[in-house]
Student: 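Quick one: this structure, given as structure tokens, is what I'll be asking you about.
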Amino acid sequence: MAHWLVKAAIHRGISALPNRQFWNGLLQQWITRSTGISVATFEGKVRECSRHLRVLRSARPEGDFTVLELGTGWLPIIPVGLCLCGAGEIWTFDIERLLRTDRVLNVLRHYSDHAKRGHLAELLPEARSDRLLKLNAVLAAAKVEETPGALLEKLGIHYLVRDAQQIPLPDNTIDFIISSGVLEYVPRLAIPRVFNEFRRVAGPGAMMSHRLNLVDQYSCFDKHITAFNFL
């Protein structure tokens, strides 16, 4: 059984390296295998997308909408899901460039396969047939040399790698602001500035939905510790 102190020491070492996200990506890809996209991972994130969407629909029962997502991460499952459910334009921000073309294509394939098998209707009831047709067209025409951002642009998803303390959008333009397991990593002093930007770009009647994962991350693989070990 792996010990959390060993992984913590490895992470401390990686944080001191240049291009630390690259080395951390290799660790997650080949050792912890946490950047893969199993069926369970995909379906879990689609259900989370549906939960976010229910928050919006509690105040805006129908119609298209614009989205700002904080924290794109390795797999853009949630922004693609919101696109399928009628989002007009989506801006998704990350502080580091984590997306890769193969991961974006895998996300699109999972959506396409789940729709063909009839499973997507259960996971994401608002997914629209016209948006699924568009996703399948993008997937069919995709080239491996395309950048992740270029692929997502075809679905109206704008991928930006920058600090969300300065959002390059006009005032009052966003209907829905979301994050999923991200805010707990934002430095405490940056939180007010990020939320000031959220307030600035939020349009009339805008909604927010944020999931925080307030558990010890190492408890997910080291069963000797509890979810409260970090305290």
Side-chain angles (χ1 to χ4, degrees), residues 4 7-8 11-12 14-15 20-21 24-25 28 32 34-35 37 41-42 44-60 65-83 85 87 89-99 103 107 152 157-169 171-203 205-221 225-231:
W4 72 274
K7 191 175 181 184
H11 278 149
R12 181 178 290 273
I14 287 175
S15 69
R20 62 186 183 276
Q21 287 295 344
N24 188 53
Q28 292 183 287
T32 64
S34 56
T35 61
I37 180 168
T41 297
F42 174 78
K45 295 300 284 186
V46 176
R47 290 190 183 94
E48 184 169 356
C49 176
S50 186
R51 289 194 295 271
H52 281 309
L53 192 58
R54 286 199 295 273
V55 173
L56 176 70
R57 292 309 188 200
S58 67
R60 187 190 294 259
F65 52 97
T66 54
V67 179
L68 187 154
E69 180 190 41
L70 178 67
T72 315
W74 306 98
L75 302 167
I77 296 172
I78 290 177
V80 172
L82 292 173
C83 166
C85 293
E89 286 191 279
I90 300 167
W91 286 267
T92 178
F93 288 77
D94 235 337
I95 195 72
E96 302 278 358
R97 190 176 300 277
L98 300 178
L99 282 189
R103 293 180 186 137
V107 168
L152 292 174
I157 301 171
H158 313 296
Y159 174 49
L160 293 89
V161 180
R162 61 179 298 145
D163 194 330
Q165 295 178 79
Q166 293 182 315
I167 297 174
L169 293 175
D171 297 358
N172 306 316
T173 52
I174 297 296
D175 301 313
F176 195 33
I177 299 169
I178 65 167
S179 69
S180 304
V182 173
L183 288 177
E184 61 266 33
Y185 296 108
V186 178
R188 182 177 180 181
L189 294 178
I191 288 286
R193 293 192 285 269
V194 170
F195 273 80
N196 281 338
E197 281 292 89
F198 287 168
R199 181 189 294 116
R200 181 183 65 79
V201 301
M207 299 287 287
M208 291 202 299
S209 178
H210 301 286
R211 173 182 65 80
L212 279 73
N213 188 24
L214 299 180
V215 301
D216 192 307
Q217 300 284 309
Y218 295 134
S219 67
C220 298
F221 76 97
I225 60 176
T226 73
F228 305 107
N229 181 67
F230 70 100
L231 296 175

Student: Side chain to side chain contact (heavy atoms under 4.5 Å, CB included) between Leu56 and Leu82: does it pass, once the steps are laid out?
Tutor: CA-CA 11 Å; Leu56 176 70; Leu82 292 173; over 6 Å; no
Student: Might you point out which heavy atoms bring Leu75 and Leu99 nearest each other, and give the distance in Å?
Tutor: N-CD2, 4.3 Å
Student: Give the intermediate values and the outcome of side chain to side chain contact (heavy atoms under 4.5 Å, CB included) for residues Val186 and Phe195.
Tutor: CA-CA 11 Å; Val186 178; Phe195 273 80; over 6 Å; no
Student: Roughly how far apart are Ile78 CD1 and Arg47 CZ, rounded to 0.5 Å?
Tutor: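 CZ of Arg47 is found 13.0 Å from CD1 of Ile78.
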Student: Exactly one of Leu68, Asp171, Thr66, Asn172 should register a side-chain contact (heavy atoms from CB on, under 4.5 Å) with Val201. Which one does?
Tutor: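 By the side-chain contact (heavy atoms from CB on, under 4.5 Å) criterion, Val201 pairs with just one of Leu68, Asp171, Thr66, Asn172: Leu68.
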Student: Rounded to the nearest 0.5 Å, what's the gap from OG1 on Thr92 to CD1 on Ile157? Could you check?
Tutor: 8.0 Å
Student: For Ile167 and Ala164, which heavy atoms make the closest approach, and how far apart are they?
Tutor: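 So the minimum-distance heavy-atom pair works out to CG1-O, 3.3 Å.
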Student: For a quick test of reading the model, state the closest non-hydrogen atom pair linking Glu96 to Tyr159 and the distance between them.
Tutor: O-OH, 4.0 Å
Student: Quick one: pull up CE in Met207 and CZ in Arg60 and give me the separation to the nearest 0.5 Å.
Tutor: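 Met207 atom CE to Arg60 atom CZ measures 9.5 Å (nearest 0.5 Å).
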Student: Looking only at non-hydrogen atoms, find the nearest pair between Thr72 and Glu69 and report the distance.
Tutor: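 That closest heavy-atom pairing would be CA-OE1, 3.9 Å.
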Student: About how many Å separate SG of Cys49 and CD1 of Ile178, when rounded to the nearest 0.5 Å?
Tutor: 7.0 Å
Student: Hey, could you give me the SG/NE2 distance between Cys85 and His52, rounded to the nearest 0.5 Å?
Tutor: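 The NE2 atom of His52 is 12.5 Å from SG of Cys85, to the nearest 0.5 Å.
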Student: So, taking the atom named OG in Ser209 and the one named CD1 in Ile177, what distance separates them when rounded to the nearest 0.5 Å?
Tutor: 11.0 Å
Student: Is a side-chain N or O of Glu184 found less than 3.5 angstrom from the main chain of Asn213, in a donor-acceptor match?
Tutor: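 Yes, because the side chain of Glu184 sits within donor-acceptor range (under 3.5 Å) of the backbone of Asn213.
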Student: With sequence neighbours excluded, what pairs up with Asp94 under the salt bridge (charged side-chain N to carboxylate O under 4.0 Å, His left out) test?
Tutor: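 Residues passing salt bridge (charged side-chain N to carboxylate O under 4.0 Å, His left out) with Asp94: none at all.
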Student: Between His210 and Phe198, what is the ring plane arrangement, given parallel below 30°, perpendicular above 60°, and tilted in between?
Tutor: parallel
Student: Can you name the closest pair of heavy atoms from Leu98 and Gly73 and give their distance?
Tutor: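 Shortest heavy-atom contact: CB-O, 3.7 Å.
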Student: Answer yes or no: is there a side-chain heavy-atom contact under 4.5 Å between Phe93 and Ser179?
Tutor: no
Student: Please confirm whether the backbone N or O of Gln166 pairs with a side-chain atom of Arg193, one donor and one acceptor, at under 3.5 Å?
Tutor: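 Looks like no, no N/O pair under 3.5 Å.
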Student: With Glu89, which residues qualify under salt bridge (charged side-chain N to carboxylate O under 4.0 Å, His left out), at least two apart?
Tutor: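 Checked Glu89 against salt bridge (charged side-chain N to carboxylate O under 4.0 Å, His left out); zero matches.
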Student: With a 4.5 Å cut-off on side-chain heavy atoms, are Pro79 and Leu152 touching?
Tutor: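 They are not in side-chain contact.
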Student: Please find the pair of heavy atoms, one from Ala206 and one from Ile174, that lie closest to each other, and give the distance.
Tutor: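 Between these two residues, the closest heavy atoms are CB-O, 3.5 Å.
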Student: Run the side-chain hydrogen bond (donor to acceptor under 3.5 Å, both in side chains) check on Arg199 and Asn196 step by step: do they pass?
Tutor: CA-CA 5 Å; Arg199 181 189 294 116; Asn196 281 338; 2.9 Å; yes
